[in-house]
Amino acid sequence: GMDHLEGFLTPEGARKANKEIYDWAKSNKATAFVNKNLNDLVEDSSGNLVELYPSESFKTKKNKILEIIYDEKSLVTNLVGDYNFQNIYLAMSVGKYFKIDTVTALEAVCKYQPSSKRSQLLTQNGTDFIVDCYNANPSSMQLSLESFIKTSPHPRGVILGDMLELGSYSDVEHKKVMDYVLKQELDLIIFIGKDFKKALDSTTVEKRQMTHFFQDSLLAQKWFAEENKNKTFDGFTILLKGSRGIKVEKILEST
């Protein structure tokens, strides 16, 4: 993905750094677990001892909470975001490698409680918050937004903080996110940070009466708390997403 580009400089630089893990595994005769649907990973792990996954696929329901259908049984996780299927498939592959049967592994996945602002669903004062703001880059931001739009009912909104460490890619990637968000049917849009401000300044948002911008999360928190005194956001589902340095989760301190 497009992560830490300020250090890696380009997506190709990030890929090269990730390949070092495969190179280490090869020299130490360690097994690498590789997603067979991602051509770059398959190519970079060529010559390794590999376990390819997924070996099977699971159906899911378009609910706010990720629900897996296996062998005609419904298994409800504690995760939000269908992007987590990639993590589940990897976990299942590791389990299979160590002779853990599918049902036992899936039950273990369902017991997992997300924490540390990673794919958490929290309800506070009548508002559901999808807390996925441990960090953010263009790849993870797009996946979070697409999943949120598919699965969250109205009224719904997003509170998005800057994606840091993008280097020369920052302007164009923040503009891409901005353009995508403004095309969606959302009842609340909040952007936080100077990079989104630059994108917002170049975008026409007149049709978005519920679009707001704040320089930092503390100012956004104060506005949200004031607005919510009258339970403005009761019944809302709100996605929180942004880089660690923005601390989007401060919004939760105001509810």
Side-chain angles (χ1 to χ4, degrees), residues 64-65 79-81 83 114-166 170 173-201 203 205 207-255:
K64 200 179 300 182
I65 290 289
L79 294 161
V80 292
Y83 48 85
S115 59
S116 302
K117 297 167 282 294
R118 299 175 188 264
S119 300
Q120 293 176 273
L121 177 63
L122 300 178
T123 301
Q124 292 187 193
N125 297 330
T127 304
D128 286 345
F129 292 94
I130 295 177
V131 186
D132 191 32
C133 55
Y134 177 81
N135 217 338
N137 61 61
S139 303
S140 67
M141 181 73 82
Q142 190 64 32
L143 289 172
S144 288
L145 286 168
E146 289 175 355
S147 178
F148 178 76
I149 296 299
K150 281 190 295 185
T151 60
S152 298
H154 290 277
R156 61 189 184 184
V158 296
I159 302 177
L160 306 180
D162 279 354
M163 302 173 290
L164 306 179
E165 301 181 20
L166 293 185
S170 184
E173 294 302 328
H174 281 87
K175 183 66 165 58
K176 284 181 183 178
V177 171
M178 176 83 64
D179 289 344
Y180 176 80
V181 167
L182 295 180
K183 291 177 183 176
Q184 308 308 312
E185 294 299 323
L186 296 165
D187 305 292
L188 171 70
I189 301 172
I190 295 176
F191 294 108
I192 302 171
K194 61 181 179 62
D195 294 316
F196 271 127
K197 180 64 163 62
K198 290 174 69 176
L200 192 62
D201 286 344
T203 303
V205 293
K207 65 176 181 176
R208 291 285 187 245
Q209 295 180 349
M210 290 294 285
T211 301
H212 306 274
F213 167 78
F214 299 95
Q215 291 286 347
D216 57 49
S217 292
L218 183 59
L219 292 173
Q221 173 204 35
K222 290 179 179 178
W223 177 88
F224 193 91
E226 188 65 28
E227 286 290 311
N228 212 28
K229 282 182 179 178
N230 296 320
K231 297 188 177 296
T232 304
F233 303 115
D234 264 23
F236 267 68
T237 302
I238 298 177
L239 171 67
L240 307 183
K241 185 71 177 173
S243 280
R244 185 84 307 271
I246 304 299
K247 295 181 172 60
V248 180
E249 69 276 4
K250 280 188 175 294
I251 290 291
L252 298 173
E253 298 172 13
S254 63
T255 60

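- Checked against Ile130 for a side chain to side chain contact (heavy atoms under 4.5 Å, CB included), the options Val158, Leu121, Leu122, Thr151 give a single hit: Leu121.
- By the 6.0 Å and 45° rule, Arg156 does not stack over the aromatic ring of Phe236.
- Scanning all heavy atoms of the two residues, the minimum distance from Ser147 to Gly81 falls at OG-CA, 3.2 Å.
- In this structure, the side chains of Met163 and Ser170 stay at 4.5 Å or more apart for every pair of heavy atoms.
- More than 12 heavy atoms of other shown residues, nucleotides or ligands fall within 6.0 angstrom of atom OH in Tyr83.
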Full working for side chain to side chain contact (heavy atoms under 4.5 Å, CB included) between Val80 and Phe148: CA-CA 9 Å; Val80 292; Phe148 178 76; over 6 Å; no
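- With a 4.5 Å cut-off on side-chain heavy atoms, Leu145 and Leu239 count as touching.
- Listed for the Ser217 side chain is no donor-acceptor partner under 3.5 Å among the backbone atoms of Lys250.
- Legend: residues meeting salt bridge (charged side-chain N to carboxylate O under 4.0 Å, His left out) with Lys198, ordered by chain and number and at least two apart, are Asp171.
- Under the 3.5 Å distance criterion, with hydrogens and angles disregarded, no donor-acceptor pair is assigned to the side chains of Asp162 and Ser243.
- Using modelled atom types, one finds no donor on one side chain facing an acceptor on the other under 3.5 Å when comparing Ser152 with Lys64.
- Remark: the backbone N or O of Asp132 is not paired with any side-chain donor or acceptor of Ser119 at under 3.5 angstrom.
- A donor-acceptor pair is defined here as one N or O able to donate and one able to accept, closer than 3.5 Å; no such pair exists between the side chain of His212 and the backbone of Phe191.
- Shortest non-hydrogen contact noted between Gly242 and Ala136 is C-CB, 3.4 Å.
- Contact check for Met178 versus Leu200: side-chain heavy atoms found under the 4.5 Å cut-off.
- Judged by distance alone, with hydrogens and angles left aside, the side-chain atoms of Gln142 form no donor-acceptor pair with the main-chain N or O of Val177 at under 3.5 Å.
- Rounding to the nearest 0.5 angstrom, the gap separating the CD atom in Glu226 from the CD atom in Gln221 is 12.0 Å.
- Atom CG of Leu252 sits about 8.5 Å away from atom CD1 of Ile159, to the nearest 0.5 Å.
- Remark: the backbone N or O of Asn137 is paired with a side-chain donor or acceptor of Ser140 at under 3.5 angstrom.
- The distance from atom SG of Cys133 to atom CZ of Arg118, rounded to the nearest 0.5 Å, is 11.0 Å.
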From CA spacing to verdict: side chain to side chain contact (heavy atoms under 4.5 Å, CB included), Leu164, Asp195: CA-CA 9 Å; Leu164 306 179; Asp195 294 316; 4.3 Å; yes
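- Nearest heavy atoms, Thr237 versus Pro153: OG1-CD, 4.4 Å.
- The shortest non-hydrogen separation linking Leu240 to Glu249 is CD1-CA, 4.4 Å.
- A distance of 9.5 Å separates CD1 of Ile238 from CG of Asp128, quoted to the nearest 0.5 Å.
- What you find for Leu166 and Pro138 is that their closest heavy atoms are CD2-CD, 3.5 Å.
- Atom CD1 of residue Ile192 and atom CD1 of residue Ile251 lie 5.0 Å apart, to the nearest 0.5 angstrom.
- If you run salt bridge (charged side-chain N to carboxylate O under 4.0 Å, His left out) between Asp179 and each of Lys183, Lys175, Lys176, only Lys175 comes through.
- Rounded to the nearest 0.5 angstrom, Asp216 CG and Lys247 NZ are separated by 11.0 Å.
- Phe196 has its side chain out of reach of Lys194: every pair of non-hydrogen atoms, C-beta onward, lies at least 4.5 Å apart.
- Remark: the backbone N or O of Asn135 is paired with a side-chain donor or acceptor of Lys241 at under 3.5 angstrom.
- Side-chain atoms of Arg244 come within 3.5 Å of backbone atoms of Tyr134 as a donor-acceptor pair (strictly under, hydrogens ignored).
- Taking the six-membered ring where the residue is Trp, the centroids of Phe233 and Phe224 are separated by under 6.0 Å.
- Residues Ile149 and Leu186 meet the side-chain proximity criterion, which asks for heavy atoms closer than 4.5 Å.
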